[in-house]
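See below for the structure under consideration.
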Amino acid sequence: MAISDDDFRTWLQQLSNGRGNPVVLIEADHYDGDSEETLYLSDAGYVDPTDIDAPNYLPVVLSEVVVDEVLDSSTIGSIEIKNLNDSWRDYQFIGYDFKVYFGDKSWARSDFRLQGYNKTADFASPHPDRYRFEFTDLRSMYFDQLVNGNGQGASAGLPFVFGRVFNMEPLRTSSTRFVIYTPAIVCLISEIRDSGVPVTGTGDFNPDGTGDGLEIEVDLSSTPSGRVTLDISPSTWGYTGDYSGTVGPNIHFLLWNMNKYIQIPIPLGDSVADAPEYDIGYVFYQYGTVDQMLREMCSSLGVNPRINRDGKLDLLQISDGGTATRSATDANILGFMSLEVREPPYKQLELGYQRNWAVQNTNELASSVSAADVILYTREYSYDKETRTLSGYPFVKNTKADTLIYESADAGTELDRRWILRDEERTQWSFKGDATFIADDIADTITIAYRDFGLSAGADFVVLENRKNLTRRACQLKVWK
């Protein structure tokens, strides 16, 4: 019978009580000079008792196996192994998958739980009788990539527009022609302005022939008198494909399209589809990276981007409304809990929305532009605001957060969420936990009943960090309340 998640948690509790026969398994993919293969390793030896053809996981691990789960990443600590085969030194491990599993020697291999995933960054030999695997955060591989527009040089594909944006400036290529580039299906032009005054023009959609996107040429009916700006609508153009979510300028669809314009596509986890579907957008006036756009988009929605232990992008939102996955008590905490950080409530929160991508001076605007529009075109953001009387916190400053959210209604919803979340003091705690915490993921909610700090009746905490030492069957956690 397969080991369920509840069975796995029960087994972890047994480990904490000194029972069970745990083993850490490693599967290190590599190229051996002829073909891509997998090296099967472990800390205590293992062969699947249910499969006569199963590989032998050699007992060669010398170091502790630690998986470091934090809010924005999941990484594996360096691992040293015995040198049982000199030919391993000639294998190519760098860039290949490296996976860590945890379970009991009596289990079928399929019942082990994946605890860590990474790409091998280095394979060294610090001593003739041992090797060492090194790893780097997968974020650097995925996030430090250029988002490429169309072509290079004079046709560099800039400005490159993702999603819905307000008042951006196109590239002028003649007296009446202006150009932008876009991931083919993600935008249409809703308004053209000359010095802040709406004008007429025609749009010509020209695929560049290389599969890198769409050049949009805007031809005005006459030579403009000043600076030309555009609004990009939420409508999509010519969509075909296998995308199964909501088509539009939301973060899921934009990231799905972004993957077509980067060298190494980022696998999208299930949580990406659960992110708020507000209209957002981003403009590259110069070549930029995934990290630049992704972090601004995520910050706008109050989500945290991370590469999870399956090697996929997660977008996690920390809130206090989650259902607790389990309960823990003093018996599961090794030592004591520490109150590390106090976060005061918000006194005032301003949320910026409808970013102006081409802020103009008043002397750049026509005299016919209304006073309201002058304000709109000369400031970078519009703002929504909440304020409260806050007693007992004399040094709390007002808070401002600028976002890529376009619609005022969506900005109001996000403002309310953040305002309610910080209507009381929040705290961060740290402690060392037993093996039961190995099953707890980032953003999980745990109910902890603890003898001190007035927590004897139990309180809900959200996991922010979980550094899992699989060798010692213990975890170092940071949680938020």
**Prompt:** Would R227 and E364 pass as an ion pair if we require N to O under 4.0 Å?
**Reply:** yes
**Prompt:** Under 4.5 Å between any side-chain heavy atoms of L365 and S195, yes or no?
**Reply:** no
**Message:** Just to verify, what does D423 make a salt bridge (charged side-chain N to carboxylate O under 4.0 Å, His left out) with, not counting sequence neighbours?
**Reply:** none
**Message:** Looking at E27 and D29, would you say the former's side chain and the latter's main chain have a donor-acceptor pair under 3.5 Å?
**Reply:** no
**Message:** I want to check something: taking the side chain as every heavy atom from C-beta on, are I189 and I232 in contact at a cut-off of under 4.5 Å?
**Reply:** yes
**Pairs involving residues 66-78, ordered by first then second residue, that meet salt bridge (charged side-chain N to carboxylate O under 4.0 Å, His left out) (sequence neighbours left out)** = D68-R467, E69-R306, E69-R309, D72-R139
**Contact summary for Y96 and E36, nearest pair of heavy atoms** = OH-OE2, 3.4 Å
**Request:** Indicate whether the side chain of S271 and that of D314 have a donor and an acceptor atom separated by less than 3.5 Å.
**Result:** yes
**Atom CZ of R472 with >12 non-hydrogen neighbours under 6.0 angstrom** = no
**Request:** Mind checking salt bridge (charged side-chain N to carboxylate O under 4.0 Å, His left out) for D231 and listing every partner two or more places apart, or none if nothing turns up?
**Result:** R193
**Item:** Residues in ring-ring contact (aromatic ring centres under 6.0 Å, His included) contact with F133, at least two apart in sequence or another chain
**Value:** F93, F98, F123
**Request:** Could you tell me whether the side chains of Q360 and N167 share a donor-acceptor contact shorter than 3.5 Å?
**Result:** yes
**Request:** Evaluate the side-chain proximity of C475 to N469: yes if any heavy-atom separation is below 4.5 Å, no if none is.
**Result:** no
**Message:** For the CD1 atom of I307 and the OG1 atom of T75, what is their distance to the nearest 0.5 Å?
**Reply:** 12.0 Å
**Complete:** side-chain contact (heavy atoms from CB on, under 4.5 Å) filter on D270, not counting sequence neighbours, yields none
**Prompt:** Is there side-chain contact between I266 and V290, with at least one heavy-atom pair below 4.5 Å?
**Reply:** yes
**Item:** Q354 side chain reached by L376 side chain, heavy atoms, under 4.5 Å
**Value:** yes
**For V479 against F431, the heavy-atom pair lying closest together** = CG2-CE2, 3.9 Å
**Side chain to side chain, V179 and V218, heavy atoms closer than 4.5 Å** = no
**Qualifying residue, where the test is side-chain hydrogen bond (donor to acceptor under 3.5 Å, both in side chains) with E343 and the options are R426, Q428, K481** = Q428
**Message:** If I compare all heavy atoms of M168 with all of P159, which pair ends up nearest, and what's the gap?
**Reply:** CE-CG, 3.7 Å
**Item:** Rounded distance (nearest 0.5 Å) linking atom CG of L404 with atom CG of L254
**Value:** 10.0 Å
**Prompt:** Can you tell me how far the CG atom of N356 sits from the CD atom of E169, to the nearest 0.5 Å?
**Reply:** 10.5 Å
**Request:** Kindly write out the residues that satisfy side-chain contact (heavy atoms from CB on, under 4.5 Å) with V199, not counting sequence neighbours, or none if the list is empty.
**Result:** I192, D194, L220
**Fill in**
salt bridge (charged side-chain N to carboxylate O under 4.0 Å, His left out) pairs touching residues 380-394, sequence neighbours excluded, are R355-E380
**Request:** State, with a plain yes or no, whether a side-chain heavy atom of I448 is found less than 4.5 Å away from one of I333.
**Result:** yes
**Request:** Taking all non-hydrogen atoms of both residues into account, name the closest pair between L316 and A443 and its distance.
**Result:** CD1-CB, 4.2 Å
**Request:** For residues 339-381, pull every pair meeting ring pair (Phe, Tyr, Trp, His ring centres under 6.0 Å), keeping only residues two or more places apart or in separate chains.
**Result:** Y282-W357
**Asked** Roughly how far apart are K312 NZ and L138 CG, rounded to 0.5 Å?
**Response** 13.5 Å
**Prompt:** Is R164 close enough and on-axis enough to Y406, meaning under 6.0 Å and within 45°, for cation-pi?
**Reply:** yes
**Prompt:** How would you list, by chain and number, every residue that makes a side-chain contact (heavy atoms from CB on, under 4.5 Å) with S338, sequence neighbours excluded?
**Reply:** F336, E340, S430
**Asked** How far apart are the closest heavy atoms of P267 and Y142, and which atoms are they?
**Response** CD-OH, 3.5 Å
**Message:** For a side-chain hydrogen bond (donor to acceptor under 3.5 Å, both in side chains) check, start with the C-alpha distance between N308 and S74, then their side-chain angles and the critical distance, and finish with the verdict.
**Reply:** CA-CA 6 Å; N308 63 25; S74 174; over 6 Å; no
**Prompt:** What heavy-atom pair brings P276 and I251 nearest, and what distance separates the two atoms?
**Reply:** O-CG2, 4.2 Å
**Asked** By side-chain contact (heavy atoms from CB on, under 4.5 Å), which residues pair with T246, not counting sequence neighbours?
**Response** N250, E277
**Message:** Tell me which pairs pass salt bridge (charged side-chain N to carboxylate O under 4.0 Å, His left out) where either residue lies in residues 410-420, with sequence neighbours left out.
**Reply:** E414-R417, E414-R418
**Prompt:** Do the numbers put R295 on top of the ring of F143, so that NZ or CZ is under 6.0 Å from the six-membered ring centre and no more than 45° off the axis?
**Reply:** no
**Message:** Looking only at the side chains, is there a donor atom on one of T289 and D291 sitting less than 3.5 Å from an acceptor on the other?
**Reply:** no
**Request:** Mind running side-chain contact (heavy atoms from CB on, under 4.5 Å) on V66 and I76 for me, showing each step along the way?
**Result:** CA-CA 6 Å; V66 179; I76 303 170; over 6 Å; no
**Prompt:** In Å and rounded to the nearest 0.5 Å, what is the OG to CD1 distance from S327 to I446?
**Reply:** 9.5 Å
**Prompt:** How long is the span from the CG atom in L464 to the NZ atom in K478, to the nearest 0.5 Å?
**Reply:** 7.0 Å
Check residues 393-400 and write down every donor-acceptor pair under 3.5 Å in which the side-chain atom is one partner and the other belongs to a residue at least two apart or another chain.
| residue | atom | partner | partner atom | Å |
| --- | --- | --- | --- | --- |
| Y393 | OH | E425 | OE1 | 3.0 |

**Message:** Assess the residue pair D5 and R113 against the criterion (salt bridge (charged side-chain N to carboxylate O under 4.0 Å, His left out)); give the C-alpha distance rounded to whole Å, side-chain angles, the decisive distance to 0.1 Å, and a yes or no.
**Reply:** CA-CA 9 Å; D5 289 343; R113 296 303 196 265; 3.1 Å; yes
**Close side-chain approach of F178 to D219, heavy-atom, < 4.5 Å** = no
**Request:** Determine, step by step, whether R177 and E217 satisfy the salt bridge (charged side-chain N to carboxylate O under 4.0 Å, His left out) criterion, reporting the C-alpha distance in whole Å, the side-chain angles of both residues, the deciding distance to 0.1 Å, and the verdict.
**Result:** CA-CA 7 Å; R177 174 166 288 182; E217 296 176 347; 3.2 Å; yes
**Asked** Without hydrogens or angle criteria, can the side chains of D440 and N466 be said to hold a donor-acceptor pair below 3.5 Å?
**Response** no
